[in-house]
J.: 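This structure is in structure tokens; I'll ask about it shortly.
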Amino acid sequence: MSQTSQEYHLLAATKYTPRANGQKPAPEPMDIERIFGENTFGMAEMKSRLPKNVFKSLLATIEKGEPLQTELADTIALAMKEWAIEKGASHFTHWFQPLTGHTAEKHDSFITPNQGGGAIAEFSGKDLIQGEPDASSFPSGGLRPTFEARGYTAWDPTSPAFIIENEKGSYLAIPTAFASWTGEALDTKIPLLRSMEALNKQALRVLRLFDVKDVGRVYTTVGNEQEYFLIDEEFYYRRPDLDTCGRTLIGAKPPKGQELDDHYFGSIPDRVLACMLEVERELYRLGVPVKTRHNEVAPGQYEIAPIYENANLAADHQQLVMMMLKRMARRYGLVCLLHEKPFAGVNGSGKHNNWSMATDTGHNLLEPGDTPHDNIQFLFFCAAVIRAVYRHQDLLRISVATAGNDHRLGANEAPPAIMSVFLGEQLEHVFEQLKSGPATESKQGGLLGLGVKTLPHLPRHAGDRNRTSPFAFTGNKFEFRAVGSAQSVALPNTVLNLIVAEALDDMATMLEQKLAGKRKTKATFEAAVAEVLAEVSREASPIVFNGDGYSEAWHQEAEKRGLLNLRSTVDALPLLITEKNVKLFEKYGVLSERELHSRHEVMLEQYFTAINIEAETLEMMARTMVLPAAVRYLRELLEVLDEAGEIAVDGVKKTAEEVAHWTNELRKAIDHLIEQNKHAEDSLEANVEHMHAHVIPAMEAVRYAADKLERCVPSNLWPLPTYREMLFVK
């Protein structure tokens with residue numbers, strides 16, 4: 001690369017101006033109340049457009065889980081079509097979430113030719129309820145042979161339809177489930193909905209035991225904090241690894257990274273803030289309740305977070321958040337990177353999954369109140385979560401197991417691969433008491449004085465937060481911090497719902513057995529609950545840990561406690577299809593054995609394919625970009641030595657020897673990588689293990705040599721944007 005070319009891409013970032021072509025005029029300040037949900041066919045639109053009886057029936061489906069009356073579909077479809085056309089939509093799509101982890105859509109026009117040679121806009125109840133995309137090319141894990149293509153999408157009325165706009169037009173997107181012709185789930189939505197129903201059933205059973213009669217439904221709430229990077233697109237398109245793999249496969253550590261902690265919560269750069277504002281505006285219009293934005297720890301890293309919603313809606317909205325981040329970034333000459341580890345040596349990105357349970361009467365079942373030791377209903381539900389995590393550490397780890405997430409789990413930026421529960425000082429004290437009987441006290445936080453008269457005394461929480469815990473109680477919810485930034489949140493929440501449903505089921509049975517034959521009074525009931533809580537607290541106590549999850553001492557302690565340490569995806573995935581887990585998924589109707597085995601195969605394929613693509617990309621970059629740059633510089637050095645004559649040029653000679661050494665090391669590493677990546681085993685499982693054991697180390701060797709050369713080769717010859725440029729040029 002010439003100096004002029006290098007200057008060009010720096011100027012492209014530093015002198016950026018918003019694109020005029022297709023760019024809307026600068027928006028006025030947001031009136032959130034006015035625009036919120038304006039591009040969704042939500043409650044207000046449905047109520048105003050549907051006959052009263054149709055709206056009432058649909059509302060019962062959405063809020064109470066009652067079966068959808070299909071005979072009303074034509075009426076709903078007509079209203080939805082008229083609304084969409086008023087919004088400028090010419091097409092509709094069944095928007096679904098196959099096992100790729102992303103969304104999929106096939107657009108159909110509203111227009112149908114008529115006999116007079118014209119056309120009319122049509123959209124029937126059949127069009128609304130059922131679609132038929134080709135199912136053969138989506139991952140199925142063996143559920144569908146390639147030659148059997150039929151698949152169905154089924155309207156999910158609990159997630160509102162929405163409008164996606166483009167400068168040339170717009171279309172109606174209808175959230176749907178995706179199943180095979182044989183009725184097996186080919187997506188992430190169906191298992192999530194099934195798991196929500198399983199938890200609802202068991203939670204209602206527990207509430208009835210507690211004599212709570214006014215609750216008709218329990219649902220899980222989710223709020224996902226989305227971390228991401230933004231870099232100038234000029235750099236992105238000069239990096240084949242970012243374009244192909246989503247992360248840098250080569251890149252030396254810059255002189256400055258995140259050591260000064262100056263980026264975290266710092267002032268947001270103007271271009272980035274403008275992008276964030278437009279992302280938020282479009283998400284508000286889609287009814288996504290985003291609330292928080294800030295700079296994250298790593299340079300170039302940011303976060304957006306919503307308010308909590310029904311888990312199914314939250315999973316859909318999370319996909320919209322990722323989609324809008326990518327779309328809006330391009331308007332500002334930026335590219336959004338959602339990979340868990342786009343840059344080595346600085347923090348990667350996660351998607352902290354804040355999870356709780358709520359009733360249709362508005363009560364959070366994980367709200368402890370001021371004196372949690374007295375709140376036995378809260379303690380019962382909280383104990384169920386702790387027991388679920390203890391018994392199913394493997395499933396929680398599997399739910400976040402991807403090739404990308406392996407780069408961050410366990411590092412000093414993300415929770416370890418060992419699952420543990422942080423309760424905080426107050427709750428830990430309560431559960432310690434529960435081991436031997438009823439809890440009698442709760443530690444109180446009091447007020448925090450700051451030593452300055454003009455500053456208020458702040459109410460202090462009874463326990464601190466723990467950023468090293470993968471599963472932490474944070475006031476009235478649990479934060480599952482191990483979820484990867486690029487993945488769908490549907491699987492982690494499916495697993496959470498399922499394992500807590502089982503724990504509630506088991507604990508309800510224990511409670512019923514202890515009450516059997518006794519007259520149910522307040523005293524006998526509380527005594528029985530105390531016995532159940534004591535048994536569960538003792539059993540699950542090894543999973544509770546309030547200390548430093550990063551420390552080596554914890555790894556040793558966790559091993560003594562018998563906790564699993566599944567360091568990589570390859571370690572975790574085989575456990576998905578153990579007899580224990582197959583029975584669990586089948587018992588609660590979340591996934592059949594065939595459906596579960598299909599997920600296992602898809603996850604193996606995705607891991608193998610991701611590493612294979614990375615290896616081939618790295619080989620190409622090293623051979624065609626890094627190696628030629630190193631040889632070109634070595635030739636320049638050798639020419640200087642050849643022409644030096646009697647002049648002492650020991651420094652040049654030493655530099656030439658250094659460049660020659662690392663050039664040779666790079667060539668050897670490339671050859672080894674090629675050899676390992678060509679290797680083939682007899683089974684998918686064996687190939688995945690080979691990738692982990694041999695291809696990844698071979699890639700690391702190529703990177704090591706290439707990064708050494710980056711520190712030797714002049715910047716005007718180096719063919720790739722560097723970390724310094726990508727992370728700090730805004």
Side-chain angles (χ1 to χ4, degrees), residues 220-227 292 296-297 303 305-306 308 311 314 347-357 364-368 372 378-379 381-393 395-397 399-400 405 408-432 442-443 445 460-485 489 492-493 495-497 499-500 503 537 540-551 553-555 557-558 561 563-565:
T220 50
T221 61
V222 171
N224 293 106
E225 306 166 32
Q226 175 72 60
E227 295 173 343
T292 302
E296 254 301 332
V297 174
E303 182 178 294
Y308 312 110
N347 275 19
S349 297
K351 185 147 42 192
H352 301 171
N353 190 88
N354 294 279
W355 181 94
S356 189
M357 294 172 279
N364 182 354
L365 295 174
L366 291 180
E367 174 59 62
F378 157 76
L379 292 174
F381 280 95
C382 187
V385 178
I386 297 168
R387 184 179 191 265
V389 176
Y390 175 64
R391 287 203 165 186
H392 299 289
Q393 306 157 50
L395 283 178
L396 282 176
R397 175 65 181 90
S399 77
V400 297
N405 214 17
R408 64 180 276 273
L409 289 183
N412 286 346
E413 59 174 271
I418 304 168
M419 291 297 144
S420 65
V421 175
F422 169 81
L423 291 177
E425 188 176 353
Q426 183 186 57
L427 273 189
E428 185 180 39
H429 177 59
V430 170
F431 274 93
E432 280 297 318
S442 300
K443 292 184 177 181
R460 180 170 62 182
H461 291 86
D464 204 350
R465 298 186 73 178
N466 188 321
R467 305 306 293 172
T468 70
S469 173
F471 203 88
F473 187 76
T474 55
N476 59 4
K477 55 186 169 52
F478 281 94
E479 182 181 18
F480 186 22
R481 298 184 63 246
V483 182
S485 54
V489 300
N493 286 294
V495 168
L496 268 172
N497 296 341
I499 64 178
V500 174
S537 298
S541 62
I543 203 72
V544 177
F545 177 65
N546 280 1
D548 182 2
Y550 293 160
S551 69
W554 165 235
H555 284 244
E557 172 65 21
R561 296 187 185 191
L563 302 183
L564 295 174
N565 187 1

J.: Any sub-3.5 Å donor-acceptor pair from Ser420's side-chain atoms to Pro470's backbone N or O?
T.: no
J.: Given Asn493 and Asn353, is the side chain to side chain contact (heavy atoms under 4.5 Å, CB included) satisfied, shown in steps?
T.: CA-CA 8 Å; Asn493 286 294; Asn353 190 88; 2.9 Å; yes
J.: Identify the heavy atoms of Val222 and Ala314 that sit nearest to each other, and give their distance.
T.: O-CB, 3.6 Å
J.: Hey, does Phe431 have a side-chain heavy atom less than 4.5 Å from the side chain of Ser541?
T.: no
J.: Do Met419 and Leu564 pass the side chain to side chain contact (heavy atoms under 4.5 Å, CB included) test, and can you show the C-alpha distance, the side-chain angles, and the key distance before you say yes or no?
T.: CA-CA 7 Å; Met419 291 297 144; Leu564 295 174; over 6 Å; no
J.: Using modelled atom types only, decide if a donor and an acceptor are shared between the side chain of Gln226 and the backbone of Ser485 within a distance under 3.5 Å.
T.: yes
J.: Roughly how far apart are Leu366 CG and Met357 CE, rounded to 0.5 Å?
T.: 4.0 Å
J.: How long is the gap from OG on Ser399 to CG on Asn405, to the nearest 0.5 Å?
T.: 9.5 Å
J.: Is a donor on one side and an acceptor on the other found under 3.5 Å between the side chain of Gln393 and the backbone of Tyr390?
T.: yes
J.: Can you tell me how far apart CG (Leu496) and NE2 (His392) are? Round to the nearest 0.5 Å.
T.: 11.5 Å
J.: Give, for atom CD of Glu303 and atom OG of Ser349, the distance between the pair rounded to the nearest 0.5 Å.
T.: 9.5 Å
J.: Search all heavy atoms of Gly549 against all heavy atoms of Trp554 and return the closest pair with its distance.
T.: O-CD1, 3.6 Å
J.: To the nearest 0.5 Å, tell me how far Leu409 CG sits from Arg481 CZ.
T.: 10.5 Å
J.: Quick one: does His555's side chain get under 4.5 Å of Ile418's, heavy atoms only?
T.: yes
J.: Which residues pass the salt bridge (charged side-chain N to carboxylate O under 4.0 Å, His left out) test with Glu557, not counting sequence neighbours?
T.: Arg561
J.: Who pairs with Glu367 by side chain to side chain donor-acceptor pair (under 3.5 Å), at least two apart in sequence or on another chain?
T.: none
J.: Once you round to the nearest 0.5 Å, how far does OG1 of Thr474 lie from CG of Leu423?
T.: 11.5 Å
J.: Before you tell me yes or no, could you show the steps for Val385 and Ile499 under side chain to side chain contact (heavy atoms under 4.5 Å, CB included), namely the whole-Å CA-CA distance, both residues' side-chain angles and the distance that decides it to 0.1 Å?
T.: CA-CA 8 Å; Val385 178; Ile499 64 178; over 6 Å; no
J.: How close do Pro306 and Asn224 get, counting heavy atoms only, and between which atoms?
T.: CD-O, 2.9 Å
J.: Any heavy-atom pair between the side chains of Val500 and Trp355 that's under 4.5 Å?
T.: yes
J.: Among residues at least two apart in sequence or on other chains, which ones pass side-chain contact (heavy atoms from CB on, under 4.5 Å) with Tyr308?
T.: Thr221, Asn354, Lys477
J.: Kindly determine whether Phe471 and Phe478 satisfy ring-ring contact (aromatic ring centres under 6.0 Å, His included), including the steps that lead there.
T.: CA-CA 6 Å; Phe471 203 88; Phe478 281 94; 5.2 Å; yes
J.: Check the pair Phe480 / Val400 against side chain to side chain contact (heavy atoms under 4.5 Å, CB included), numbers first and verdict last.
T.: CA-CA 10 Å; Phe480 186 22; Val400 297; 3.8 Å; yes
J.: Of all heavy-atom pairs between Gly475 and Pro368, which one has the smallest distance, and what is that distance?
T.: O-CD, 3.1 Å
J.: Ignoring hydrogens and geometry, is there a side-chain-to-backbone donor-acceptor pair from Glu225 to Lys351 under 3.5 Å?
T.: no
